[in-house]
Amino acid sequence: MDIEHVRSRFIKHFDGTTGAVYVAPGRINLIGEHTDYNGGYVLPGAIDKGIMAEVKPNGTDMVRAYSIDMKDYVEFGLGEADAPRASWARYIFGVCREMIGCGVEVKGFNTAFAGDVPLGAGLSSSAALESVYAYALNDLFGENRLDKLQLARVGQRAEHNYCGVQCGIMDQFASLFGQKGNLVRLDCKTMDYQYMPFQPQGFRLVLLDSTAKHELASSAYNDRRRSCEAVVAAVQKRHPAVEYLRDCSMDMLDEVKADITSDDYRHAQYVIEEVQRVLDVCDALQKGDYETVGQKMYDTHHGMSRLYEASCPELDFLNDVAFDCGVTGSRTMGGGFGGCTLNLVKEELYGTFVGQAREVFAQRFGRQLKVYDVAISDGARRVD
Ligand code: ADP
Ligand code: MG
């Protein structure tokens with residue numbers, strides 16, 4: 001992402017002057033899948049792909065926004081009734097409304113923005129978009145009164161209330177709290193967080209996008225959530241302090257085995273093991289033991305595929321290719337049923353692995369794989 005790219009468009013589309021320039025990144029999640037709504041841990045990090053926005057107050061009550069990538073221009077007011085129709089602009093409008101709701105006196109501004117987070121690939125381009133504007137408006141109109149967690153919640157609520165997506169907090173959290181050389185372990189029950197060192201020397205992180213989108217994904221997702229709730233309800237009869245599956249042990253699950261379905265048992269087993277895997281990976285990271293990190297990534301993939309039943313042929317295929325090539329760690333990233341695998345690959349294996357994956361994937365599925373290299377980087381910030 002190049003500041004001159006954004007700045008030249010900003011100058012051209014507005015009055016020739018310049019504003020302040022901000023970036024906010026997309027994210028990966030190293031491990032901790034389907035743990036968020038079970039009160040467990042996730043382990044995301046900000047990536048070196050994001051959204052860059054130039055912003056300048058314009059002395060009016062109108063926002064004038066230019067999307068460089070969409071080549072689309074939209075103007076909107078700041079009242080609740082002024083919601084724009086273009087979906088990209090609704091993210092910006094939603095952030096404005098939620099910032100106003102937090103007491104920030106947002107006024108009109110001119111803005112142009114562009115990004116290099118692939119859209120809808122599971123790297124959270126939407127959180128990058130929300131976070132860059134939450135960060136910018138806090139700086140320009142709010143004297144930076146809101147802290148990063150408040151900004152993350154602004155982005156999350158914007159997405160809930162103005163974009164129709166009931167997302168969790170992880171993506172916005174990672175986009176704002178991310179730090180180069182670190183992942184963030186977030187406890188989704190308490191919102192406590194801790195930075196974990198991530199400096200895998202001699203390794204690269206690469207995502208292979210299967211571009212599979214399964215129609216059943218959202219109903220299966222709801223079904224898994226129901227499974228988790230059913231098991232918690234059964235365990236609570238014996239252990240009233242249990243609030244989430246995160247609070248359950250395998251012993252507790254075994255106590256209620258006769259009271260729940262075998263599907264629910266397997267789904268809960270996956271979650272209980274996955275919560276523990278995040279903690280194990282954090283221990284391994286603190287020792288610089290990336291072989292264990294990689295092994296746990298495979299364990300997550302197998303758990304998601306065999307126990308949680310949230311994989312699909314494309315993802316299992318890509319996971320097998322990684323294993324056969326000797327890749328250190330590989331797993332489905334995101335909710336499953338489609339999307340990407342995240343791979344931790346030794347530098348010297350990178351070319352062979354990606355080449356091989358492209359070739360055999362195209363043979364098997366008749367379409368091209370998309371490949372995204374990522375590096376762990378800093379969170380939202382001003383850059384000019
Ligand atoms: P993701 O998994 O990448 O977050 P979403 O569907 O949640 O996918 O969000 C993608 C939406 O975010 C796009 O449809 C668009 O409205 C907006 N968006 C993301 N990146 C850009 C961009 N570079 N330019 C314009 N809009 C963007
Ligand atoms: Mg999104």
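As the structure lists them, so they are numbered: ligands from 1, and atoms in each ligand from 1.
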Proximal ligand 1 atoms for Ser87, defined as those under 4.0 Å from one of its heavy atoms: 16 (O)
Minimum-distance protein heavy atom relative to atom 9 (O) of ligand 1: Ser126 CB, 3.4 Å
Residue Ser124, metal the Mg ion (ligand 2), N/O/S under 2.8 Å: no
Modelled atom types, side-chain donor and acceptor of Asn319 and Tyr298, under 3.5 Å: no
Modelled atom types, side-chain donor and acceptor of Ser377 and Asp48, under 3.5 Å: no
Centroid separation His13 to Phe10 less than 6.0 Å: no
Element-labelled atoms of ligand 1 that are located less than 4.0 Å from some non-hydrogen atom of Trp88: 16 (O), 25 (C), 26 (N)
Check: Tyr66/Asn110 side-chain N/O donor and acceptor closer than 3.5 Å: no
Min N/O separation Ile51 to ligand 1 under 3.5 Å: no
Close-contact set for ligand 1 against Gly120 heavy atoms, below 4.0 Å: 1 (P), 2 (O), 3 (O), 8 (O)
Atom 13 (C) of ligand 1: the protein heavy-atom neighbour that sits closest, reported with distance to 0.1 Å: Leu119 CD2, 3.7 Å
Protein heavy atom at shortest distance from atom 23 (N) of ligand 1: Asp69 OD2, 2.8 Å
Aromatic contact, Phe173 with Tyr193 (centres under 6.0 Å): yes
Residue portion contacting ligand 1 (non-hydrogen atoms closer than 4.0 Å) for Pro118: backbone
Ser125 contact mode with ligand 1 (heavy-atom cut-off under 4.0 Å): both
Protein contact of atom 11 (C) of ligand 1 - nearest heavy atom, named by residue and atom, plus distance: Tyr91 OH, 3.7 Å
Identity and distance of the protein heavy atom lying nearest atom 24 (N) of ligand 1: Phe113 CE1, 3.4 Å
Check: Phe93 and Tyr162 side chains under 4.5 Å, non-hydrogen atoms: yes
Donor + acceptor pair across side chains of Arg306, Tyr270 (<3.5 Å): no
Matching residue for Cys188 among Asn38, Val42, Thr35 - test: side chain to side chain contact (heavy atoms under 4.5 Å, CB included): Val42
Proximity of Phe317 and Phe365 rings by center, below 6.0 Å: yes
Ser67: numbered ligand 1 atoms lying under 4.0 Å from its heavy atoms: 24 (N), 25 (C)
Polar contact flag, side-chain donor to acceptor under 3.5 angstrom, Tyr221-Arg225: yes
Sub-4.0 Å protein heavy atom next to atom 6 (O) of ligand 1: no
Atom 18 (N) of ligand 1: nearest protein contact (heavy atom, Å): Leu129 CD2, 3.8 Å
Enumerated ligand 1 atoms positioned under 4.0 Å from heavy atoms of Met70: 25 (C), 26 (N)
